[in-house]
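See below for the structure under consideration.
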Number of protein chains: 2
Amino acid sequence: MQTETRDEMRERIIEAALKRFTHYSASKTTMNEIADDLHCSKASLYYYFPDKNALHLSVLEKAGEAYFVELETAAAGKSSAYEALMEMISIRHAFGKRFCRLELFKVLRDKQILNSADIFKYARERETQIVANIIRKGVENGELITAEPEKVATLYIQSMIGLRFSMSHNGMSDDISDEEFETVRGWQTMLADIFIKGLKK
Amino acid sequence: MQTETRDEMRERIIEAALKRFTHYSASKTTMNEIADDLHCSKASLYYYFPDKNALHLSVLEKAGEAYFVELETAAAGKSSAYEALMEMISIRHAFGKRFCRLELFKVLRDKQILNSADIFKYARERETQIVANIIRKGVENGELITAEPEKVATLYIQSMIGLRFSMSHNGMSDDISDEEFETVRGWQTMLADIFIKGLKK
DNA sequence: CTTTGACTTTATAACTAAAAAAGTCAGAAA
DNA sequence: TTTCTGACTTTTTTAGTTATAAAGTCAAAG
């Protein structure tokens, strides 16, 4: 029962932090505020997490997990690669808007945070694998042709991320206006279109 | 004759600044250093340029002009769109390496600098026009098919710029290692390839 | 018209002190 | 033994200070 309770408490903390982080932002949220929300002491939080960064990463991991599950479900449900990629853009868009205050890019830029580079590398690879699977599936059913689905998937993801940066007026900031968000989405859609066409002989 | 001499002096100043800027960097160069190089007083520089930013922009304009001329010449000389785009990547790569100390991105990010946004907008549009022309030419001779060369060109340029940012470890910094430069170039080449294939049929 | 030395103003960098937040720990509670 | 906390220390941010360097000005000279 100990292990059960322990994980439950961790979960409650992550949940509380997620709420604060998404409403205000990660850097504007203090450990005391999270503790107060849970009617417990700040020291308790440190019993479950070594430091604030670890908690932050756990929050990102939780949001990321939901993101990937949704992506994988959606990808599996679509019959054509084209539809799957478009759905991916849609989901990415929704999550980007919803979780922009989690300061993902800020964490990524911060070299001090232990393991942050690894976690993001894993996330990017997982996203790339989803695209790679979509492409492989497309190749199998004759919709697409390519000798290196993995490499194409990497290029695709990096290009999509790049568009997000190069079209946004703020560059690599986590903040981005709704209008810019829509613009980026438009260009991403067009790029996906060209990719699909480019992978047919 | 006055006008003649005046422009010559402006040119000499820009030349001197360009040397200092490319060797050290724009922000590490002082107006006094430039004046000393020219064996004139700092006040003279202010007779020809309203402030340091104006001089900096003139330097960027000069480098940019050389870049565009080279691009346009190269693009005109290639018979296929594929070759033209590849040559463009090559030229872009060489200029990026050569002029990275001009702090182009830093200037772009600085909202205070008067007209900087306009100048960069013009530069991006000119680059886009070159790509648009390559695409139009490709459409004319049957190499490519698309209903909107302009829009495709915009997407192409933004994607290329985006790859530069998303692949670089430093994000939007002007500094980038030689190794990363080569990596970016590799991915840009692959993306150009997919664009070309995507614009057939 | 062009140039300059001497000048003023503005930005930068290096400290500082005060406040706030992060993080620790001995011991209490369950 | 595991979980929790009040009281504590340490670290980070912030705001304010100064000194220095660089930007920018101007009356007067060439």
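Every chain is numbered from 1, with letters handed out A, B, ... down the list of sequences.
Distances shown here put a side-chain N or O of A/Tyr47 below 4.0 Å from the OP1 or OP2 atom of D/dT3. Taking side-chain N and O atoms only, A/Ser44 has no distance below 4.0 Å to OP1 or OP2 of D/dC4. Within the structure, every side-chain polar atom (N or O) of A/Arg6 is placed at least 4.0 Å from both OP1 and OP2 of D/dT2.
In terms of the side-chain contact (heavy atoms from CB on, under 4.5 Å) criterion, residue partners of B/Asp110 (sequence neighbours excluded) are, by chain and number, B/Gln112, B/Ile113.
Inspection of the B/Ser90 and B/Arg185 side chains reveals an N or O donor paired with an N or O acceptor under 3.5 Å. In the model, B/Glu103 has no side-chain atom that pairs as donor or acceptor with a side-chain atom of B/His56 under 3.5 Å.
Within the 4.5 Å cutoff, side-chain heavy atoms of A/Arg92 are placed close to those of A/Glu127. Between A/Asn115 and A/Asp118 there is a side-chain heavy-atom pair separated by less than 4.5 Å. The shortest distance between side-chain heavy atoms of A/Leu114 and A/Asn53 does not fall below 4.5 Å.
Put simply, OG on B/Ser159 and CG on A/Leu191 are 4.5 Å apart, with the number rounded to the nearest 0.5 Å.
Atom CG in A/Leu45 sits about 12 Å away from atom P in D/dG6, given to the nearest Å. Atom CZ in B/Arg20 sits about 12 Å away from atom P in D/dA22, given to the nearest Å. In this structure, B/Ile34 atom CD1 and C/dT4 atom P are separated by 15 Å, rounded to whole Å. When rounded to the nearest whole Å, the span between CG of B/Asp7 and P of C/dC1 equals 15 Å. For the pair B/Leu38 CG and C/dT4 C1', the computed distance is 15 Å after rounding to whole Å. The CZ atom of B/Arg10 sits 16 Å away from the P atom of C/dC1 (whole-angstrom rounding). Following rounding to the nearest Å, B/Phe49 (CZ) and C/dT3 (C1') show an atom-to-atom distance of 16 Å.
A/Tyr47 carries A/Arg6 over the face of its six-membered ring, with the cationic atom under 6.0 Å from the centre and within 45° of the normal.
Ranked by how close their nearest DNA chain C nucleotide is to the 5' end, B/Tyr48 and B/Gln112 are led by B/Tyr48.
In this structure a side-chain-to-backbone donor-acceptor pair under 3.5 Å is missing from B/Asp174 to B/Arg101.
Direction of the helix axis in the helix from C/dC1-D/dG30 to C/dA30-D/dT1 shifts by 40° between the two five-pair termini, rounded to 10°.
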*asked:* Please encode protein proximity along nucleotides 19-24 of chain C as a string of B, S and -, counting only heavy-atom distances under 4.0 Å.
replied: --SBBB
